[in-house]
Amino acid sequence: MAFQCQRDCYMQEFDTCVVSCVPAELTLENNGKKDKLKGFNLKLKDTILFPEGGGQPDDHGTVGGVPVLRVLRQGPEAVHFISSALEEGQDVHIKLDWERRFDHMQQHSGQHLITALADTMFGYKTTSWDLGRQRSSIELDTAAVKPGEMEALEVAVNEKIRAHIPVTVNLLSIDDPAVEKVRSRGLPDDHAGPIRIIDIEGVDANMCCGTHVSNLSHLQVIKILGTEKGKKNKTNLIFIAGSRVLKYAEKSYSIEKSLTGLLKTGADEHVDAVDKLQKTVKRLQKSNLIILREMAVLIAQNFKNKADRGNFFSLHKCVIDFACMSALNQQERLKDGDNEFMNIIANEIGFLDTVIFLTVGEEKGAGLFLLAGPEDIVTEVGPRVSELLQGKGAGKAGRYQGKANSLVKRAEAEALLKEHSCKLTAGEE
């Protein structure tokens, strides 16, 4: 069965009637979390809302004013998930989210065109593809492409677009000999009805259930952004088509304009300017690490030289948020430089008869911690300190260190350690 969305991909509104509407649940992924929604599975006499399939996401829209959250194909039928019920036999009006649909049409037809010419020009077969939210990818059956091939391919696909080549839909019976001549990656197990062929005149004939433009000129333009290494000796070709190219150009210009203002250089000099900044930051980080090491030794010596130093040492070093450092560089500094800073202090002081508690990070935010001292005390108190700092830690041989997610209760951890350090003083007496 072909749906109305497949017979007329440009239809944006449609009247039909409800065949059935039964209670159901839908699992939606939101920021990595899966949420279950209660609603209804709706079947219609016909639909202009495309059900997910052929690598193309489903359409959005409304049925009888009720938003459709998902459309899936079950055999010859489309199942629409809605949040509120509609009555069986009820006449309903469907409105399509046209901007989303036309974007999918441009990307899908663009994929067919790229796939056909990549095969014709270089013998690269398409093994799969993905229509992403911002860009799409085509998996080519080759470990690598040769220099200049993607540039030539981009020129060729855009020449076809400018040639205004028609795109038509043909329906064939499954036993029609013509089926053997079309490109295909196979039919779904639950396929029913005639086979749908998307024919780009003189370029390609491909078995497909998706929605497509009626003329290559409707693609406007295709930009091949590049290639990436794929899995199992495959190459992923990354592309955008139609309106996405215009949005990409607008966004790229906006970023270029912002960088020009920040770097005080022309667009052609942005890369060199950032490279110089990165080298400067690395030099500063190296100098900062040397200073940290020297400071750690001085702090330890200062404590050791005190006549009344006692058996407990505690220090918190605040993180300095250098504006020129990226978040990644700051994380690397925390991991490397600050860990070294704490360990130098612990080693210089010595912890056989002293309990040492060191933290680095934001005053009441995340950071790093190190606990050092007699092994029995550290083994006993280490996990409790880690718990107070909402962190994770591990240790051996008189050391326990890790990452703190919150330093809000640092004072409580310090008090706990002071209490245990008093046992050392009592033992000495």
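All values derive from a computational prediction rather than experimental measurement.
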| request: Verify side-chain contact (heavy atoms from CB on, under 4.5 Å) between V274 and Q278, making sure each step is shown before the conclusion. | output: CA-CA 6 Å; V274 171; Q278 287 182 327; 4.2 Å; yes
Residue pair [X] / [Y]: nearest heavy atoms and the distance that separates them:
{"X": "S109", "Y": "V213", "answer": "OG-N, 3.1 Å"}
{"X": "F102", "Y": "H218", "answer": "CZ-O, 3.7 Å"}
{"X": "D58", "Y": "R100", "answer": "O-NH2, 2.8 Å"}
{"X": "I222", "Y": "A241", "answer": "CG1-CB, 3.9 Å"}
{"X": "F239", "Y": "Q107", "answer": "CZ-O, 3.6 Å"}
{"X": "A118", "Y": "L153", "answer": "N-CD1, 3.7 Å"}

May I ask you to decide if [Y]'s main-chain N or O and [X]'s side chain share a donor-acceptor pair within less than 3.5 Å?
{"X": "S137", "Y": "I238", "value": "no"}
{"X": "R196", "Y": "C209", "value": "yes"}
{"X": "T260", "Y": "E256", "value": "yes"}
{"X": "Y124", "Y": "T142", "value": "no"}
{"X": "R101", "Y": "D59", "value": "no"}
{"X": "E294", "Y": "I291", "value": "no"}
{"X": "N215", "Y": "H164", "value": "yes"}
{"X": "E77", "Y": "Q74", "value": "no"}
{"X": "T127", "Y": "D141", "value": "no"}
{"X": "N158", "Y": "E154", "value": "yes"}

| request: Kindly indicate, with the supporting measurements, whether the criterion side-chain contact (heavy atoms from CB on, under 4.5 Å) is fulfilled by Q401 and N343. | output: CA-CA 10 Å; Q401 64 188 107; N343 278 293; 3.8 Å; yes
| field | Listed once per pair and sorted, the side-chain hydrogen bond (donor to acceptor under 3.5 Å, both in side chains) pairs that draw on residues 228-247, sequence neighbours left out | value |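 Every pair satisfying side-chain hydrogen bond (donor to acceptor under 3.5 Å, both in side chains) with a residue in residues 228-247: D103-R244.
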All N/O donor-acceptor pairs, side-chain side in residues 81-93, below 3.5 Å, sequence neighbours left out:
residue, atom, partner, partner atom, Å
Q90, OE1, E87, N, 2.9
H93, ND1, D15, OD1, 2.6
H93, NE2, E13, OE1, 2.6

Taking atom [atom1] of [X] and atom [atom2] of [Y], what is their separation to the nearest 0.5 Å?
{"X": "H104", "Y": "D97", "atom1": "NE2", "atom2": "CG", "answer": "8.5 Å"}
{"X": "Q134", "Y": "L225", "atom1": "CD", "atom2": "CG", "answer": "11.0 Å"}
{"X": "N41", "Y": "H80", "atom1": "CG", "atom2": "NE2", "answer": "10.5 Å"}
{"X": "L49", "Y": "T211", "atom1": "CG", "atom2": "OG1", "answer": "11.0 Å"}
{"X": "L388", "Y": "E412", "atom1": "CG", "atom2": "CD", "answer": "6.0 Å"}
{"X": "L69", "Y": "H60", "atom1": "CG", "atom2": "NE2", "answer": "8.0 Å"}

| So, do F50 and H108 have ring centers that fall under 6.0 Å from each other? |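 No: the rings miss the under 6.0 Å criterion.
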| Counting only heavy atoms not in Q12, do more than 12 fall under 6.0 Å of its CD? | yes
| message | Could you check whether atom CD of E29 has more than 12 heavy atoms from other residues, nucleotides or ligands sitting under 6.0 Å from it? | response |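 Counting neighbours around CD of E29, more than 12 heavy atoms of other residues, nucleotides or ligands fall under 6.0 Å, so yes.
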| Cationic tip of K223 above Y248 ring, under 6.0 Å, 45° of axis |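 No, K223 and Y248 do not form such a contact.
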Just wondering, do [Y] and [X] contact through their side chains at under 4.5 Å, heavy atoms?
{"X": "V145", "Y": "M150", "value": "yes"}
{"X": "P23", "Y": "K38", "value": "no"}
{"X": "M105", "Y": "Y10", "value": "yes"}
{"X": "F14", "Y": "D8", "value": "no"}
{"X": "L371", "Y": "V355", "value": "yes"}
{"X": "V297", "Y": "R293", "value": "no"}
{"X": "F122", "Y": "K146", "value": "no"}
{"X": "V169", "Y": "H212", "value": "no"}

| said: Run the side-chain contact (heavy atoms from CB on, under 4.5 Å) test against K160 and tell me which residues pass, sequence neighbours left out. | reply: L113, L117, I165, V203, L216
| message | So, using side-chain contact (heavy atoms from CB on, under 4.5 Å) as the criterion, who are the partners of V381 when residues are at least two apart? | response | I377, V385, L416, L417, H420
| Residues in side-chain hydrogen bond (donor to acceptor under 3.5 Å, both in side chains) contact with N405, at least two apart in sequence or another chain |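 Partners of N405 by the side-chain hydrogen bond (donor to acceptor under 3.5 Å, both in side chains) criterion come out as none, since no residue qualifies.
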| Distance-only donor-acceptor check, side chains T115 and Q111, under 3.5 Å | yes
| Lys/Arg N to Asp/Glu carboxylate O, D275 vs K279, below 4.0 Å |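 A salt bridge links D275 with K279.
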| L277 and L263: side-chain contact (heavy atoms from CB on, under 4.5 Å), yes or no, with the steps? | CA-CA 9 Å; L277 277 175; L263 300 172; 3.7 Å; yes
| request: Using the side-chain contact (heavy atoms from CB on, under 4.5 Å) rule, take R7 and D46 through it: C-alpha gap first, then chi angles, then the decisive distance, then the call. | output: CA-CA 11 Å; R7 290 191 293 271; D46 204 345; 2.2 Å; yes
| said: Going by ring pair (Phe, Tyr, Trp, His ring centres under 6.0 Å), name the residues that satisfy it together with F40, two or more places apart in sequence or in a different chain. | reply: none
